[in-house]
Each structure stands twice: as structure tokens, then as C-alpha cells.
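Structure below; questions to follow.
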Amino acid sequence: MPELPEVETVRRGLEQLVIGKTIQSVSVYWDRMIEGGDKEKVAFELVGQTVEAIQRRGKFLIFRYTANDLISHLRMEGKYEFFPQETPPSKHTHVIFHFTDGSELHYQDVRKFGRFALVAKGKSAEYAGIAKLGPEPTNDQFLLGAFQQGLAKSKKAVKPLLLEQKLVTGLGNIYVDEALWQAKIHPERLACTLTTDESIALHQAIIDVLGKAVIAGGTTIRTYHNALGKAGTFQVALHAYGQQGKPCSRCGTLIVKTKVAQRGTHFCPNCQKVEG
DNA sequence: AATACTACCTGCGTGC
DNA sequence: TGCACGCAGGTAGTAT
């Protein structure tokens with residue numbers, strides 16, 4: 001479900017809801033969700049620990065507890081829902097964090113792709129999934145020179161390269177299509193063939209699109225809601241994703257949908273040409 | 001080493 | 001109505 005803007009929006013909502021709360025117990029209903037296998041140990045370790053902060057790195061959420069960091073990835077469909085009092089799990093509730101004040105944080109995930117990992121306090125950056133991430137998509141961290149070098153070294157199509165999270169983290173299937181549309185680059189262009197002007201435009205488009213989507217509270221297409229139960233509004237600003245059959249807002253040519261590296265891919269065949 | 005494909009899951013829409 | 005199939009804001013593991 002979520003890309004960086006949605007995860008950041010969830011983080012901000014959770015910050016308002018569970019900072020300062022102490023774990024009474026943790027219920028795990030789907031064992032494979034907990035990495036490392038020992039769900040009993042993870043649940044036991046957290047008892048008595050207090051949520052001190054909630055951070056984000058790429059699309060990973062990091063709950064900073066008293067003695068551990070709990071890493072949470074929502075993958076495709078993970079959601080958090082907060083309840084002020086005891087509430088029974090629904091069909092797709094897989095983890096419940098019970099707090100000492102009687103409130104609960106439920107993790108729900110229809111497809112069960114989401115993952116949790118418990119690491120030592122302050123060690124989340126060493127967790128494999130986080131250690132390999134590229135820079136956050138901001139002007140001060142996402143540097144043009146390194147991005148251009150990364151593009152030049154890859155013979156992959158630019159879209160799947162950007163989805164790897166290595167040159168920059170935070171893009172998923174919606175925002176990569178939006179950034180490529182904004183930069184007028186075809187998703188199948190080989191990364192090493194981008195011109196200097198194109199790489200500059202793409203760099204700026206990535207920062208711009210993700211930044212604006214964070215401000216909008218993310219994109220709600222199907223069922224995404226933040227931790228406070230609110231929908232995002234960026235869907236009204238989409239130019240490519242889900243716009244197949246509609247006129248390109250720049251040139252009027254109909255947006256097409258194809259498949260690139262197994263992912264549904266939307267672009268303007270006039271603005272974004274393969275031969276560049 | 002770099003690139004490509006598949007597994008992990010469930011539900012929903014489409015077409016026969 | 002039923003059923004098969006393709007598709008869905010992602011990543012990690014396994015082939016090639």
C-alpha cells in the first residue's frame with residue numbers, strides 16, 4: 001500500500017497517538033510477520049517498554065522503545081489502527097500492542113506481506129533492509145552528482161532501478177510513474193543513456209513529487225488511510241498513475257498503461273519517448 | 001557482480 | 001452463479 005509519503009503520514013499520526021505509552025502485552029496472530037521467527041521472545045521483550053519516538057527511514061517505520069527499536073514495514077497493504085480501549089481483532093488483524101492504559105494499537109494487513117523486526121536500541125540502521133537504502137529524497141541528502149553516477153553505472157531500465165531504493169529511497173509504483181512523467185522520461189529508458197539535462201530533471205522531479213505528496217498526506221486510491229483514519233489527497237494531483245485513457249495534462253495525448261519489470265506502468269507516449 | 005524472476009498472500013473485478 | 005485469471009502504494013530470496 002504505502003510509499004514514502006503514506007508512511008510518513010502514518011508516522012505523524014502514530015506520534016500523536018502512542019508516544020509515551022507503555023506495553024502491557026503484545027499479541028501476534030501471524031507468526032511469519034515477525035522476522036527471526038521467535039514471536040514469543042519479541043512479544044516478551046517489549047513488555048514494560050515505553051514508546052519514546054517514532055522515526056522513519058525510507059518506507060520503514062522505527063518505533064523507538066526504552067531498550068529496543070521495533071522496525072515495521074507495511075509492504076503493500078499494512079495499516080495501523082488505534083483504539084482507546086480493548087477491541088477484538090478483526091479478520092486481518094495480525095499484531096496487537098496492548099498498552100498499560102488500556103488502549104491498543106492494531107496492525108492489520110490483508111495480504112500479510114508486512115514485517116516486524118526487533119533490534120537492539122539504536123541499531124535499526126544496521127538492519128539489512130535499512131542498511132542498503134539510498135538517501136532520503138530531500139535536497140540536503142539526495143545529491144545530484146551521486147545520483148548521476150548511479151544512473152551512469154546501470155544498464156537497467158530507469159523505472160526498476162528507481163524502485164530498488166538504492167539511488168534514492170521512498171519511490172514506489174505510483175510516485176515513480178509520476179516522477180518520470182514530470183521529468184518527461186520513458187520508464188524503459190536505460191539508466192545509463194539519460195542525458196545530463198534528463199538526470200537533473202529527474203532528480204528534481206523525485207524531490208518535488210514526494211515532497212508534495214507528503215504535504216498532501218499521501219495518495220488514497222483503494223483503501224489507504226493514515227493512523228488517524230483519514231484519507232490522503234494526492235490522488236487529485238496524479239498525472240500518470242491510474243490515468244490511462246485520459247489526456248495528458250501537458251499535451252493532451254492519451255496516457256497509456258503497459259507493464260515494465262512486472263509492474264503496471266503509466267506514461268504519456270508523446271512526452272515520454274523511449275528513444276529520448 | 002549485475003540483472004531478472006519468483007515467492008510471499010488475499011480479495012476484487014473481468015470475462016467466459 | 002461459478003470459476004479461472006490477472007491485478008494490486010513492496011521487498012527478499014533465488015536463478016541466470
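Excluded from the calculations below are hydrogen atoms, water molecules and symmetry mates; all remaining heavy atoms, backbone and side chain alike, are included. Lettering of chains follows the sequences in order, A, B, ..., and the numbering in each one begins at 1.
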If you look at every heavy atom in V256(A) and Q244(A), which pair is closest and at what distance?
C-CB, 4.2 Å

Whether Q165(A) side chain and L171(A) backbone form a donor-acceptor pair below 3.5 Å:
yes

Mind checking the P distance from dC5(B) to dC7(C)? Whole angstroms is fine.
15 Å

Measure from CG on L4(A) to C1' on dG10(C) and round the result to the nearest Å.
14 Å

Under 4.0 Å protein heavy-atom contact, by nucleotide of nucleotides 11-16 of chain C - B base, S sugar-phosphate only:
SS----

Between CG of L74(A) and C1' of dG10(C) the distance, given in whole Å, is 10 Å

Are E188(A) and K259(A) close enough for a salt bridge, meaning some N to O gap below 4.0 Å?
no

Dot-bracket pairing map - DNA chain B, Watson-Crick plus G-U, both contacts under 3.5 Å, | cross-strand:
.|||||||.|||||||

Measure CG/L167(A) against P/dA2(B) and give the value in whole Å, please.
12 Å

Interatomic distance at P, dT11(C) relative to dG11(B), whole Å:
23 Å

Please check the phosphate of dG10(C) (OP1 and OP2 only) for any side-chain N or O of R115(A) closer than 4.0 Å.
no

Whole Å only: how far is the NZ atom of K79(A) from the C1' atom of dG10(C)?
14 Å

Given the P atoms of dG6(C) and dT6(B), what is the spacing between them in whole Å?
13 Å

K155(A) NZ - dA1(B) P separation (whole Å)
15 Å

Any side-chain to backbone donor/acceptor pair from S103(A) onto F83(A)? Under 3.5 Å, distance only.
no

By the definition side-chain contact (heavy atoms from CB on, under 4.5 Å), identify the one residue from V18(A), L17(A), L70(A) that meets it with I54(A).
V18(A)

Give the minimum heavy-atom separation between C248(A) and W181(A), together with the two atoms involved.
SG-NE1, 3.5 Å

Do I71(A) and I96(A) belong to the same hydrophobic cluster, where Ile, Leu, Val, Met, Phe, Trp and Tyr are linked whenever their side-chain heavy atoms lie under 4.5 Å apart, directly or via other members?
no

Using a 4.0 Å heavy-atom cut-off across all strands, classify G114(A) as base, sugar-phosphate, or nothing.
nothing

Would you say F63(A) and L133(A) are hydrophobically clustered, going by side-chain heavy atoms of ILVMFWY under 4.5 Å?
no

Below 3.5 Å between N/O atoms, which protein atoms pair up with nucleotides 10-13 of chain B? Just atom names and distances, please.
| residue | atom | partner | partner atom | Å |
| --- | --- | --- | --- | --- |
| dT10(B) | OP1 | K112(A) | NZ | 3.0 |
| dT10(B) | O4' | V110(A) | O | 3.4 |
| dG11(B) | OP1 | K91(A) | NZ | 2.7 |
| dG11(B) | OP1 | H92(A) | NE2 | 3.4 |

Would you mind reading off the distance between I71(A) atom CD1 and dG10(C) atom P, rounded to a whole angstrom?
19 Å

Strictly distance-based, threshold 3.5 Å: is any side-chain N or O of Q49(A) a donor or acceptor partner for the main-chain N or O of I23(A)?
no

Over how many whole Å does the gap from R56(A) atom CZ to dG10(C) atom P extend?
15 Å

For D177(A) and Y175(A), test the side chains for any donor-to-acceptor distance below 3.5 angstrom and give the result as yes or no.
no

Provide, to the nearest angstrom, the distance between the NZ atom belonging to K257(A) and the P atom belonging to dA8(C).
4 Å

Basic-acidic side-chain contact under 4.0 Å: K184(A), E198(A)
no

Could you check whether E15(A) pairs with R12(A) (Lys NZ or Arg NE/NH1/NH2 to Asp/Glu carboxylate O, under 4.0 Å)?
no

Should K153(A) be listed as having a side-chain N or O under 4.0 Å from OP1 or OP2 of dA1(B)?
no

